[in-house]
Amino acid sequence: MSGVIVTGPPKADVKDVDALAGFGVATVSEAMGRTGLLGPDIRPVQQGVRVAGTAVTVLSWPGDNLMIHAAVEQCGEGDILVVTTTSPSTDGMFGELFATALQRRGVRGVVTNAGIRDTQELRDMGFAAWARAVSSQGTVKATGGSVNVPIAIDGQVVRPGDVILADDDGVVVVPRERARATVEASEAREAKEAGTRAAFLDGELGLDRYGLRETLVRLGVEYRSYEEYTGEGAGS
């Protein structure tokens with residue numbers, strides 16, 4: 001497998017990246033029309049952490065982390081490393097030594113569609129990580145691949161320089177040219193949800209706030225008392 005290492009790709013504006021870090025993954029995905037999620041199988045190795053950064057992408061051979069070594073050189077302040085393989089793999093391709101090198105360069109975290117290891121060490125050093133699997137299985141450094149090319153994870157395309165936002169709920173990618181618009185849409189969504197939250201605290205029901213009673217009628221959903229539903233008399 002031959003490959004390419006692309007240097008100096010365009011990136012989303014750091015102001016927009018940092019602004020997106022103020023929102024949850026669910027909010028941002030909803031603000032983009034329920035798109036951008038990398039799938040439910042990629043899970044954090046820590047809890048209570050949210051990071052946003054610009055993607056440095058890696059396409060590797062399964063069980064081979066050579067191209068992660070190559071990608072470290074392309075990483076800088078505010079980036080997030082995003083790794084996938086040419087076919088499914090759960091081998092532990094990333095661990096504490098990689099995190100040490102990346103943390104030194106100002107990288108904010110890693111997202112991988114493969115396996116990760118040294119999870120306790122990653123938590124201890126405060127390096128955020130999301131992975132499809134946790135595995136102690138080691139890898140080799142023998143096969144070419146690519147860095148900073150478009151990759152796909154669960155059918156979602158991630159390009160170098162796109163915004164990656166990750167938290168306890170998962171990972172979402174925001175195309176770099178949509179970053180500012182997504183910040184604005186996320187702000188609007190949060191404002192709307194704040195109004196809904198206040199209404200729910202005041203006792204209003206979602207059925208009424210969202211006009212869902214009419215939807216139930218349209219779908220033929222009926223209200224029946226227990227006695228009507230079961231056919232049992234009130235005194236039985």
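Numbers here simply count residues along the sequence, with the first being 1.
Put simply, the side chain of S146 gets close to the backbone of V4: a donor and an acceptor are under 3.5 Å apart. Between the side chain of Q74 and the main chain of T7, no donor-acceptor pair closer than 3.5 Å is present. In this structure a side-chain-to-backbone donor-acceptor pair under 3.5 Å is missing from N65 to T139. In this structure, the side chain of R105 engages the main chain of C75 through a donor-acceptor pair within 3.5 Å. D91 places no side-chain N or O within 3.5 Å of a backbone atom of Q137 that could act as its donor or acceptor partner.
Counting heavy atoms from C-beta on, the side chains of L102 and L81 come closer than 4.5 Å. Residues M125 and T100 have side chains in contact (heavy-atom distance under 4.5 Å, counting atoms from C-beta outward). At a threshold of 4.5 Å between non-hydrogen side-chain atoms, the residues V45 and R123 count as touching. Taking 4.5 Å as the limit, every side-chain heavy atom of V110 sits out of range of all side-chain heavy atoms of F98. A 4.5 Å side-chain heavy-atom check between S60 and L66 finds every atom pair outside the cut-off. Counting only heavy atoms from C-beta outward, the side chains of I116 and L122 approach each other to under 4.5 Å.
Note on residues 156-176: pairs passing side-chain hydrogen bond (donor to acceptor under 3.5 Å, both in side chains), not counting sequence neighbours, are R159-D162, R159-E177. Within the structure, side-chain hydrogen bond (donor to acceptor under 3.5 Å, both in side chains) pairs that include any residue of residues 48-58 comprise T54-D79 (at least two apart or interchain).
Relative ring orientation between F94 and F127 is described as parallel, the plane-to-plane angle staying below 30° on a 0-90° scale split at 30° and 60°.
The distance from atom CG of D13 to atom NZ of K11, rounded to the nearest 0.5 Å, is 12.0 Å. Between Y210 atom OH and E204 atom CD the span is 9.0 Å, to the nearest 0.5 Å. Atom CD1 in I153 sits 4.5 Å away from atom CD1 in I42 (nearest 0.5 Å). Separating the CG atom in D154 from the CG atom in N113 is a distance of 6.0 Å, to the nearest 0.5 Å. In this structure, the separation between CD1 on I151 and OG1 on T84 is 5.5 Å, given to the nearest 0.5 Å.
For the pair L212 and G206, the tightest heavy-atom approach, listed with the atom from each and the gap, is CD1-O, 3.9 Å. Of all heavy-atom pairs spanning L205 and R213, the tightest one is CD1-NH2, 3.8 Å. Between V17 and A12, the shortest heavy-atom contact is CG2-CB, 4.0 Å. Contact between M93 and W61 at its shortest, heavy atoms only, is CE-O, 4.2 Å. Looking at every heavy atom in both residues, V82 comes nearest to A55 through CG2-CB, 4.0 Å. The shortest heavy-atom contact between T85 and A114 is CG2-CB, 4.3 Å.
Cluster membership for V163 and V173, using ILVMFWY side-chain heavy atoms within less than 4.5 angstrom, is not shared. In the hydrophobic clustering of this structure, W130 groups with I80; members are Ile, Leu, Val, Met, Phe, Trp, Tyr whose side-chain heavy atoms approach within less than 4.5 Å, directly or through other members. Cluster membership for V174 and V51, using ILVMFWY side-chain heavy atoms within less than 4.5 angstrom, is not shared. Neither I68 nor V149 shares a network with the other; the hydrophobic side chains, linked directly or stepwise wherever heavy atoms of I, L, V, M, F, W or Y lie under 4.5 Å apart, form separate groups for each.
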Please tabulate, one pair per line, all N/O donor-acceptor pairs under 3.5 Å involving side-chain atoms of residues 19-37, not counting sequence neighbours.
residue	atom	partner	partner atom	Å
S29	OG	T35	O	3.0
T35	OG1	M32	O	3.0

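A salt bridge links R189 with E193; the closest basic N to acidic carboxylate O contact falls under 4.0 Å. Between R209 and D202 there is no salt bridge, since no side-chain nitrogen of the basic residue lies less than 4.0 Å from a carboxylate oxygen of the acidic one.
Counting non-hydrogen atoms of other residues, nucleotides and ligands closer than 6.0 Å to CD of E73 gives a total of 12 or fewer.
Checked options V58, N148, V56; the residue passing with P160 is N148 (criterion: side chain to side chain contact (heavy atoms under 4.5 Å, CB included)).
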